[in-house]
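This structure is a prediction, so every number in the text was calculated from the model and none was measured. Naming convention: chains lettered A, B, ... in sequence-line order (proteins, then strands); numbering from 1 in each chain. FYI, side chains are in, hydrogens and waters are out, and symmetry mates aren't considered; it's all heavy atoms of this structure.
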Number of protein chains: 2
Amino acid sequence: MGEALNGLRRTMMCGELREEHVSQKVTVMGWVQRKRNLGGLVFIDLRDRTGILQVMFGEEINKEAFEKADLAKSEYCIAVTGEMVRRESPNNNIPTGMVELKGESIKILSESETPPIYIKENLDAAENIRLKYRYLDLRRPDMQNIFMIRNKANKIVRDYLDENGFLEMETPMLTKSTPEGARDYLVPSRNYPGMFYALPQSPQIFKQLLMVSGFDKYYQIVKCFRDEDLRANRQPEFTQIDLEMSFVEVDDVIALNEGLIKKVFKEIKGIDVQLPIKRMPFKEAMEKYGSDKPDLRFGMEIKNITDAVKGSEFAVFKNAIANGGSVRALTVEGASDMGRKKIDKLGEFVKTYKAKGLAWIACKEEEIKSPIAKFFSEEEMQNLLNAAGAKVGDLVLIVADVDNIVLQSLGALRLEIAKQLEILKDNNEFNFVWITEFPLLEYDEEEKRHVALHHPFTCPMDEDLELLEVDPLSVRAKAYDIVLNGEELGGGSIRIHDTKLQQKMFELLGFSKESAWERFGFLLEAFKYGPPPHGGLAYGFDRMVMFLAGTDNIKDVIAFPKNQNAYCPMSEAPNLVDDKQLQELCIKTDVKKEEN
Amino acid sequence: MGEALNGLRRTMMCGELREEHVSQKVTVMGWVQRKRNLGGLVFIDLRDRTGILQVMFGEEINKEAFEKADLAKSEYCIAVTGEMVRRESPNNNIPTGMVELKGESIKILSESETPPIYIKENLDAAENIRLKYRYLDLRRPDMQNIFMIRNKANKIVRDYLDENGFLEMETPMLTKSTPEGARDYLVPSRNYPGMFYALPQSPQIFKQLLMVSGFDKYYQIVKCFRDEDLRANRQPEFTQIDLEMSFVEVDDVIALNEGLIKKVFKEIKGIDVQLPIKRMPFKEAMEKYGSDKPDLRFGMEIKNITDAVKGSEFAVFKNAIANGGSVRALTVEGASDMGRKKIDKLGEFVKTYKAKGLAWIACKEEEIKSPIAKFFSEEEMQNLLNAAGAKVGDLVLIVADVDNIVLQSLGALRLEIAKQLEILKDNNEFNFVWITEFPLLEYDEEEKRHVALHHPFTCPMDEDLELLEVDPLSVRAKAYDIVLNGEELGGGSIRIHDTKLQQKMFELLGFSKESAWERFGFLLEAFKYGPPPHGGLAYGFDRMVMFLAGTDNIKDVIAFPKNQNAYCPMSEAPNLVDDKQLQELCIKTDVKKEEN
């Protein structure tokens, strides 16, 4: 059992000590990063949240302290009191490297077994071990730094929104299951056997109701839940910066959020985000980059070469065009020497996006090399290359199909090529863009109905209102996403605030009037009583912190994350519960316990 | 359908307008509180979050606006543009009462049906109606004010903790069921059929692990969950200000929190809390006030009169003392004339606390009146009255039994009498006290075992460590509650940070080594690796806001609360879910749907 503090108080943090503290008496507390016994001297690197301080114990300084210090091992938790002195051989690698602490007394507050993982930066241990011993993994300075960044971002966001008149308000966690969207986590009710609460996928409806209540500007940094199969960088519970404003239009929400983004990235990354952030309509993003979250740190835009190849006899192009599709190309600069094997692999790659194949043209110095060259006259080929913006030395990659497939496959191919060619290797840019004018609806082939691209509360653009009846898929929404380096940082919209329009929207989504009212009746009811125009936005806070901390693993920015099976190797959640607990909830599990 | 903003921007909030704005052109937006048509003039009281502004429309100002304004009804949402003018007949009851807005144009942004509840202060509507139309209830200025107070308290707490080096960190919501304490809300796992997550009752274990991780100072304002039968002022989900510090002892945690309390109550209530806040050991609180959360705004202390009545022949007293119990009294000043009926009712009252009866002595001017007077000599009676601190005009109320029953019943009686006599009627005091030195354990008669008075991680006092084996019930804990006006505002403790002591504690609680490891193994495991001494505190944030807002109903401080059955009359949660959802989770409900 360790020694008690018994009134001993820490006076300084390890990482704070500098030459100005020389000859002061201090008490520091922390963990033994490293201990060396050099004969009559024991050196301990003592670590706390702020950094590392060298502590020296000597038989001649204090024999008892020296002997006790020599008992300390890695990760022992100790307290040391003594005088700060100038170091004989300074260490320029750490901020405290000019000084050291002459340990006059030491308390071993607690001992440590040999830790199963190293407490050091850039640890290369298996993820399941890191997650099982998460409390040790979190001792590593790079992990500590991430959570200090997260804390700071949190504070900056709150301060900014507070200054701008937003009220932090809490919405319920035990709420109603509304099976539109992702799968809900359910919570059985004890008072109403057979009924369930759902954990919120977002506070969407509640924040809209707060606007109906006249709170004017709301925000919350809040946990949301989705019971989906976990892909990389998805967690069952994640954190949103959620905000909503009344009496606003698209430009107002965007302006407010540009201020927020500028402040966060300035104060944490030292980056000056130029305002206004550029905007790009969804259609342009799709046509140029094949994506609604285009990475604009590099060009390589998709070119529509349909017109240029219209006359060609090449059946694939001909058929695609005849079927209302298009022919589009990516021109990879200086890649005319790419090997056949590599190109074939790219062909396989686009097939995962439902493209039937990838045509290619290598504009070599001496010749045009291409399996499809034979289908084109010299003039036709030149027209094609001009349309593709290709010059000598480039490689042109072409997909012909219906627009959706062409754009999605070329969009993915563009990113894949950038990765293969390491185009972004030394790129430190933070390239923001607002994507606007999203389609309101898309057609879900599986469910054979329209679904909302964002969510069913998104307001159509005024210009397109009359298309709602005649051509709903062409209606654009007052929706906007903020995209950074090809990742969606957040998104939002101006909401419908009219019962009739909201009902119309539910109709378009294939809900009967009854089922719409059963699910969202309280929102429709609320809209009867003078709802204000309103809109908002939600950021994925975890993803924002990933950018700020420079990590591409979401688990790094969550203190106690789950693994891919939504399991916590540390606490071993989920687990079996007592039968009594299930009886009280009137539920039975459908599996025998032995199966587990 | 209402009119669109179409680029119209709000320039001022209603409640901000003053004489300095006279002759400025402004645009305000809000809700119609009241409309009057006085012939050629329409007056609208326009309401937003900040207050009410009078808007005047006239045929001569702008005929079109005048006519449209006359269409507006209560709770219509409108936008008005015009010039600020000085009011001919000022209204001194509202801050904007010197001015009014001459409405030159108006947009009806949305219409309203007649609201089912009045939008006014101190509404006396049935609670279920208020909850069903919560979005309208929240429009009332007193409710708006509460949530502005809540937001402000939130900000003050965060700023204070940030200044003091605390990191805001998030702990998981989907965690492990640990059936020690209240009933968990469970969440079925889809990936592990038959297994469950639990929603946290508090982040206790996780915050301790963050201390093991070296984060040093943690806080979070966080939702917690308990599936208990709801008494008044309990909600299934509630919010805690949760904090934890490393390398600290009781005095450090208390000092940090006194600073927090002082700041919050100063900035919101304008009250100077005198520091240090007084401290009272649990034993003293129980002996003097019969409660571990004593209301110190009034005296009426419980007096131990056992010694004074030792010699009496009164069997009830004699037996109680012989059985190791005690005889104690409450002296109610100036209540000697209380009627027999009232006193009998107090007798009934204490019986609900298991007291067998209530003896009484009325010290009237002319005589001592008491059914038990005959058992006492004049001298004995005088000794009793002296011990009870009674003087002429007072009423002495006495219970004799085992200490627990005597103290609890007299403690409750003390509060009941204060209520009946309206002792606190005009009392505006905020009387804080730390209750310290709580017992570590208490004996649970039902479960026939020791249970932790706070929780199983609370550290025993060093002085009492050796009693753990021989007399565990007499061991005091390093625990502290902050009590305000008889209500627990928060509580915490220094934690055990030693695996062996923690295991010992689990043994005392009747856990086998296996079951302790099964439930809390990851904490015990973590303690093997140099845990720091640490402690913390958690406030009931909802209760804190109740004090700050001056309401005694917890539902007033939660935007979307549940009713007593943990049901939300607005969203109708919990509800039935699709069979498909249950199938995916491999659970079945034990009730037929028709039963619901």
Side-chain angles (χ1 to χ4, degrees), chain A residues 1 5 10 29 49 75-77 110 112-113 115 135 138-139 151 154 167-169 172-177 185 187 189 191-197 209 212-214 216 223 237 247 249 498 522 526 528-533 559-560 565-566 570-571 573-574 577 586-591 596, chain B residues 1 5 10 29 49 75-77 110 112-113 115 135 138-139 151 154 167-169 172-177 185 187 189 191-197 209 212-214 216 223 237 247 249 498 522 526 528-533 559-560 565-566 570-571 573-574 577 586-591 596:
Chain A
M1 191 160 154
L5 287 172
R10 176 171 64 182
M29 305 187 185
R49 192 175 93 180
E75 300 309 318
Y76 273 40
C77 182
S110 66
S112 175
E113 295 185 5
Y135 39 86
L138 290 173
R139 276 191 192 168
N151 170 70
N154 216 319
L167 300 177
E168 180 176 356
M169 296 186 75
M173 290 281 128
L174 295 173
T175 175
K176 189 182 180 177
S177 182
Y185 276 105
V187 182
S189 157
N191 293 63
Y192 295 89
M195 296 200 173
F196 294 81
Y197 304 98
L209 290 174
V212 173
S213 295
D216 211 89
K223 280 280 174 71
E237 53 179 298
F247 304 112
E249 296 183 291
D498 180 89
F522 59 110
K528 290 183 182 170
Y529 305 101
F560 300 100
N565 298 317
M570 184 189 69
S571 64
V577 298
C586 295
I587 61 172
K588 282 182 176 169
T589 62
D590 243 2
V591 276
N596 285 298
Chain B
M1 193 159 154
L5 287 172
R10 176 170 65 183
M29 305 188 185
R49 193 175 91 181
E75 301 308 317
Y76 274 39
C77 183
S110 66
S112 176
E113 296 186 3
Y135 40 85
L138 290 172
R139 276 190 192 171
N151 170 69
N154 215 320
L167 300 177
E168 181 175 355
M169 296 186 75
M173 289 281 128
L174 295 172
T175 174
K176 188 184 180 178
S177 182
Y185 275 104
V187 181
S189 158
N191 294 62
Y192 296 88
M195 295 199 175
F196 293 82
Y197 304 98
L209 291 173
V212 173
S213 296
D216 212 87
K223 280 281 175 71
E237 53 179 297
F247 304 113
E249 297 182 291
D498 180 89
F522 59 111
K528 290 183 183 170
Y529 305 101
F560 299 101
N565 299 317
M570 183 189 71
S571 64
V577 298
C586 294
I587 60 172
K588 282 183 175 166
T589 62
D590 243 2
V591 275
N596 284 301

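Per-residue heavy-atom pair counts under 4.5 Å with chain B were compared for A:G530, A:P532, A:S571, and the maximum is reached by A:G530. Listed options B:S189, B:A526, B:A566, B:A559 were ranked by heavy-atom pairs under 4.5 angstrom with chain A; first place goes to B:A526. Taking chain B as the reference chain and counting heavy-atom pairs below 4.5 Å, the highest number among A:L174, A:I587, A:T175 is found for A:L174. Across B:Y185, B:Y135, B:F522, the residue that shares the most heavy-atom pairs under 4.5 angstrom with chain A is B:Y135.
In terms of heavy-atom proximity, B:F247 sits nearest to A:R10 at CD1-NH1, 3.4 Å. The two atoms that bring B:S110 and A:P531 nearest to each other are OG-O, 2.6 Å, heavy atoms only. Residue A:R139 comes nearest to B:V212 through the heavy atom pair NE-O, 2.8 Å, listed as atom of the first residue, atom of the second, then distance. When all heavy atoms of A:S112 and B:Y529 are compared, the pair lying nearest together is OG-CA, 3.3 Å. The minimum heavy-atom distance between A:V187 and B:V187, with the atom names listed, is CG2-CG2, 3.9 Å.
In this structure, the portions of B:M173 lying under 4.5 Å from any heavy atom of chain A include both its backbone and its side chain. Both the backbone and the side chain of A:K528 come within contact range of chain B, with heavy atoms under 4.5 Å apart. Both the backbone and the side chain of B:R49 come within contact range of chain A, each with at least one heavy atom under 4.5 Å from a heavy atom of that chain. When heavy atoms are compared at a cutoff of 4.5 Å, A:M570 approaches chain B by way of both its backbone and its side chain. Heavy atoms closer than 4.5 Å to chain A are found in the side chain of B:P533, but not in its backbone.
By the ring-ring contact (aromatic ring centres under 6.0 Å, His included) test, B:F196 is found to be paired with no residue, residues two or more places apart in sequence or in another chain being considered. Applying the side chain to side chain contact (heavy atoms under 4.5 Å, CB included) rule to A:K588 yields the partners B:D590; only residues at least two apart in sequence or on another chain are considered.
Checked by atom type and distance alone, the side chain of A:E168 never pairs as donor or acceptor with a backbone atom of B:N154 at under 3.5 Å.
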**Report entry** Intermediate values then yes/no, side-chain contact (heavy atoms from CB on, under 4.5 Å), B:F560 and A:L209
**Finding:** CA-CA 10 Å; B:F560 299 101; A:L209 290 174; 4.0 Å; yes
